[in-house]
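Reviewing the structure listed below.
The shown structure was predicted, so the numbers you read here are calculated from the model rather than taken from an experiment. Throughout, a chain's letter reflects where its sequence line sits, starting with A, and its residues are numbered from 1. The analysis underlying the following values was restricted to heavy atoms, covering all of them including side chains, and did not include hydrogens, waters or symmetry mates.
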Amino acid sequence: MIGKWLSKLTLVDLPEPRRGMAAVELSGVRKVYVTGAGEFAALKGVDLKVAAGEFVAVVGKSGSGKSTLINMITGIDRPTAGEVWVDGMPVHTLTENQIAVWRGRTVGVVFQFFQLLPTLTALENVMLPMDFCDVHDPHERPDRARQLLELVGVGDQADKLPANLSGGQQQRVAIARSLANEPPLLVADEPTGNLDTRTAAAVIDLFGELAHAGKTILMVTHDEDLAHRSSRIVTVSEGLVLPAALPGRGRYG
Amino acid sequence: MDNYVLFTPRWRKVWADLWGNKLRTILVVMSIAVGVFAVGMVYSSYLMFARDLAGSWGSASPASASLYADPFDEELVDSVRSLRGVKEAEGRRNVDLRVRTGGGEWRQMFLTAIPDYAKQKVNVVKPQSGAWPPGDGDVLLERSSLAELGVTQGGSIQVETPSGRKRLLKVTGVVYDPSQIPSIFSGRSYGYINMDTLEKLDEKRRLDQVNFIVQPWILRGKETEPIEAIGRRAWTKLEQGDTTVFWLQVNKPGEHPLQGAINAMILLLAVLGVLSLFLGTFLLVNTVSAILAQQVRQVGIMKAIGARRDQILRMYLTLVGAYGILALIVAAPLGALAASAVTSFIAGVFNFDSGGLEMPPSVLLLEAAVAILIPLVAAMWPIWRGTGVTVREAVGDFGISGVKAKGRIDRWVDAGLERLKKLPRPLLLSLRNTFRRKGRLALTLLTLTVAGTVFMAVFSVRSSLYSTLDQALDYFHYDISIGFTQSYRASRIEQEVMRVPGIKAAEAWGFTSGRILKDERKEAEDEASKNVFILAPPVETKMIQPRIIEGRWLVKEDESALVVNTEALKDNQQLKVGEPAIIKVGTRKLRFTVVGIAQSTLTGPIVYAPYEWLTGAVQEAGRARSVQIVAASSDPKEQSALGRTLEEHMKKNSLRIQNVDITWEQKQRIRSQFDIITTFLLTMAVLLAVVGALGLTGTMGINVLERTREIGVMRAIGASSLGVGKVFVVEVLCIGLLSWLAGAILALPVAALLSYQVGVLFLQNPLAFSFSIAGIVIWLVLSALLSVLASLMPAWNAARLSVRDVLSYE
Ligand SMILES: Nc1ncnc2c1ncn2[C@@H]1O[C@H](COP(=O)(O)OP(=O)(O)OP(=O)(O)O)[C@@H](O)[C@H]1O
Ligand SMILES: [Mg+2]
C-alpha cells in the first residue's frame, strides 16, 4: 500500500523527445552559484553541440567550470539560465525524478572518486542500473554484466567487493556499470584522474572503441596527451567554451 | 550459484546493510525491541490481570456488603435474604483471637466458622489441598497465611481464646479465599473451622456476620449507594432481631478490595511501557538518520545511475521494516515471558490465581504495530530527507560540511570551548563536533534525559512513600495498644496495666464506631453514609500526635467538640470547621461541632471526641474500651514481649481482650506493603537505565563510524590508541552530564505528579512529597558509569582503526 502510494507520489512520465536534434545541444547555459561571499558565475553562457558518435574531451584549468558543464548535461546540476537538450530531451525542464529515470536509461556517468556501492560485488554493482531502470530481462542480467566486465578487462574480479579491488579496477567496474543500460551517451568526469598512464590509456582506448560503435562520449581530463586521442577537444576557460581551434586533430577523427 | 532474479542487486544491498553491519543491526533491533518488549509486557500483563483477577475473585461470588453484629441466630440471616433486592445472604461467625506463629510470636488471627461448607453462596472459600470441609477441632488455613504463620499442613497451631484459654487446632488443609484481603496487606492470618469447633473456643454456636449479594437490577454502575441502602435495611432487620450491629462494610460492585493498589501498579507499568516506547523511537530515529547520513554518497551514486527516489525510499523502508521484524521476533517472546512473571508476582501479592501465559492476537497485533509501523513512521522523515539529496550534493559532500559555525549556539559553544584551552586540541575538536551535530545530540540527550528524569522521579516517589509513612507513624507515640471486647472502668484498666513491669505510661480511651449522618432529618439515617471509628482520648493526650491542617485540636473546655481526619472527610464532604456533625452510635444520635481537621495517617476514617463527653454521651462515663501504653524500653523485641506479658496479665485478671497491637509490628507491616510498590519502582528505574545506556552506546557507535576519517587523521598525526579512545569517553561523559542536569531539573515536577498519582491510587491520599537527593546522586554516578561503559566499545573500535582502515573506508 505504501509502495503504491510512493510510486504515485513520484510518478514519472518522460516527455516525447524532439526529433532531429544533435546528441547534446547546449544554448546560452549560465550557472550562478550563490555563496556566502556573493554570487559566482561558474558558466557564463555556454553554447555547445555534440553530434552522435563523437568522442569529446573537455579540457581547461582547474576551476574553469568543466565539471559544472558536464553536470548540466547529465542533469546532476541545473542551469540558472539557458537550455540543455540531450538527444531531443529538454533536460533543463525535467523534475528530479524524471531526470533519474531518463539518466538511468540514456546516460552513463563515471565519476572521478567514489563510485561503487561498498557492500555489493563488482558484478552486482554493474547489475544495479539494470535493476533500478528495469532494463533487460532479469535472467539475462548476470550474463550481460559479466560480458561488460570482460569488455573492460576485469571479468575475473566479478565477485570481489570494491574494497578488494585496486583503484584502476574499480574505475573499470564503474565504466562497465555506466554501460549497463546501453546508454547512447557516456559522460565521465576525470575518469583517469587516479590511474597510471598505461591503465589510463587503456580506458581511453576503450572509450574510443565505444565511440566507434556509435556511442557519444564526453570526458573531462587534465591530461593533454589523452585529450588528443579523442575526436574533438572542447576547451573551457572562465566559464566559457573557447572556439574550436584545431578540429579533427584527434586520433579517432 | 546466486539467484539474481529473485534477489536483485538492490535487495542485496539492503541485505548487506542488514547482515554486513551486525553491530549496527543489533543496536537498531535492540532499540526497537525495547519498546516492543515493554508495550507487549504491559499490555499482556494488563490483560492477564483483568482476566485472572476478575476470574479468581468473581468465582467466589463476592459479597456486595457485609454486616458485623453481636452474635445472632440463623433466622436473622433468612430475614436478610428475604429483603427485596437481596439475591443471596449467608451468615458466618468470626473469632478474632491470638495465635502463636511457628517463630513463637503471638499474632492476630481471624477464624471463620462457616455453617455449611458445601452450600456456600457468598464469599465462597475453596479447597486447595488436604481435608475438606474442616473436621471437629481442625482448621483449614488460607494459603496466603501459611508463610505468615510458619506452619504447614499436618501441623497444628496454638490459639488463645478471648477468655485466655489456650487451644491446639490441627491444620488439616489449605483453602483459598479469594474475597479476603491477603495476609500481607491485612497483617492477619485466616483460618476456617466448622461450627462445632466454636465451642472448643469458648464461643456459642451463633453467627455474627451476614454477607449478602444484591440483585443485579439494584446496581447503578459502580455506585455503592444502592447497596448501602439495602445494607441499612438489613441493619434494621438485625436490630429488630435484638442484636447490636456495629459495622456495615460495602464493597464497590465489581471491584476487588485492593483495586486501587492494583491500579497503581498498572499505572506504573503503563508509564514504563510508554516511556520505553518513546525512548526506543528516539533511538531509532537517531540511528536511521545516522545510517542515511553515512550513506549519502551511496544514495547519490544510486541516483546517478538511474534510481528514482521512491526506489531508494523503498529500500531503506524495507531495511527498517526488517529491523522491526527482527525486533518483533526477539521481543515478543521476552515480553510474554516478562508478562507472566509480572502477573505471577502480582498474583502472589494479591492472592489470586494466575491462569498462566496467554498471548491473545491483540497483543501480537499491538506488538507488530509497535515493531513495524512505529519505526516506519518514525523513520519516514529521516529517510525522506536522506533520499532527497541531489547527486551533486551527495558526490560533492566530503563530510566536512556542518563543522563551520552556523548559528548563535555554535558561536556560544565555541566561545565556551575557548576557555577550556588547557584540554588537548583533538579533544576540543571532538567536543565541538558533538555540539555541531545538534539534531543527534538533541535526540540522544532527550533519550537519556527522559530515562534519567524517570529514574530520579522514581526515587522521589519511593522517598515520598517513606516520608508519608514516617509522617503517618509519627502519629503513634504509644508502643502498644490493647482493645477490649467490652468497656471496663478506666481506672481499673490503667491500674492493671501499671502493675506489669516495664510500663512508662498508660492511658485508657473511649472507643466506638458509628455512622456520620448528613443532617438531622429522620430519613438521613437511611441515606448513604460511611462508618467511622470514634476515638475518645483525654484531650491533653501525648499518646498520639495528629497533624491539624485546619481548626484546632480538642481542649479541656470542649464539650461536644469533634476533630475529623481527612479520610473521614472524604466520605462526608458536608463536614466543615465550626459546623455541626451528627453521628449515630448504636441507637443514639450524637450531635457534635467540628472544631478541627486532622491529616489522616493510613489509619482509616477516624473522628476524635473528648473522653469525658463521649463516654458520658454513650452512658459509659468513667469507662474505657482501649488502653494505649508507652513502654520503658525502646527495643522492639522487648516491646513485643511486653505486649505478650500485658495480654496474659489482663486475661488473668479477667479483662477480655479483643486485640493487642504492637506499634512497631504494625509499622513493619505497612513498610512491607510499601516495599511491594518500591520494588516495582526500582525495577522500572533499572529498566530505564538500561534503555538509556543502550541509546548512548548506539549514538556513540554511530559517532565513531561517522568520524572514521577524523580518527584516521588523528592517528596519522600521532594520536595514541589511548588518546583516541579518551576523546570518545570524554565526549560521552559530557552528554551524560548534560542529560543528568536536565533530568534533575525535570525530575522535580515529574516526581511530584507521579507521587500524587501513586498516592491517590495506592493509599487514596496524595503522598507527602519528598524529593530524593539520593536518586539524583545515584543517577549522576550511574549515568557517568553507563556513559563510560557505553563509550568503551565504540572507543575501543575507534582506537583499533589504523590509518589504512580509514583510508580504505567508504
Ligand atoms: N556548489 C558550488 N558553490 C559555489 N561555487 C561552486 C560550486 N561548485 C563549483 N563552484 C565554483 O565554480 C567554479 C567551477 O567549478 P568546477 O567544479 O566546474 O571546476 P572544474 O573545471 O571542474 O575544476 P577541476 O578541474 O578542479 O575539477 C569554481 O570556481 C568553483 O569554485
Ligand atoms: Mg572538476
Task: Heavy-atom pair count under 4.5 Å with chain B, highest-scoring of A:Thr74, A:Asp77, A:Val109 - done: A:Asp77
- [ ] Working to the nearest 0.5 Å, report the span between CG of A:Leu117 and CZ of B:Arg297.
- [x] 12.5 Å
Task: Under 3.5 Å: donor-acceptor pair, side chain of A:Arg103, backbone of B:Lys303 - done: yes
- [ ] Calculate, to the nearest 0.5 Å, the distance between atoms CD1 and SG belonging to B:Ile305 and A:Cys133 respectively.
- [x] 7.5 Å
- [ ] For the pair A:Asp131 (side chain) and B:Arg10 (backbone), establish whether a donor and an acceptor sit closer than 3.5 Å, ignoring hydrogens and angles.
- [x] yes
Open item on the list: What's the separation between atom CG in A:Leu123 and atom CZ in B:Arg12, rounded to the nearest 0.5 Å?
Closed with: 9.5 Å
Task: Spacing of OG1 belonging to B:Thr8 relative to CE belonging to A:Met130, to within rounding of 0.5 Å - done: 12.5 Å
TODO: Please determine, among A:Met127, A:Arg177, A:Arg141, the option with the most heavy-atom pairs under 4.5 Å with chain B.
DONE: A:Met127
Open item on the list: So, taking the atom named CG in A:Leu128 and the one named CD1 in B:Ile301, what distance separates them when rounded to the nearest 0.5 Å?
Closed with: 10.5 Å
- [ ] Please flag which part of A:Arg105 lies under 4.5 Å from any non-hydrogen atom of chain B: side chain, backbone, both or neither.
- [x] neither
- [ ] Measure the spacing between CG of B:Asp17 and CG of A:Leu120 and express it to the nearest 0.5 Å.
- [x] 8.5 Å
Task: Nearest non-hydrogen partners of A:Ala100 and B:Arg308, listed with the distance - done: CB-CA, 4.2 Å
Task: Under 3.5 Å donor-acceptor, B:Gln311 side chain and A:Phe132 backbone - done: yes
- [ ] List the steps and the verdict of side-chain contact (heavy atoms from CB on, under 4.5 Å) for B:Trp19 and A:Thr119.
- [x] CA-CA 10 Å; B:Trp19 190 245; A:Thr119 50; over 6 Å; no
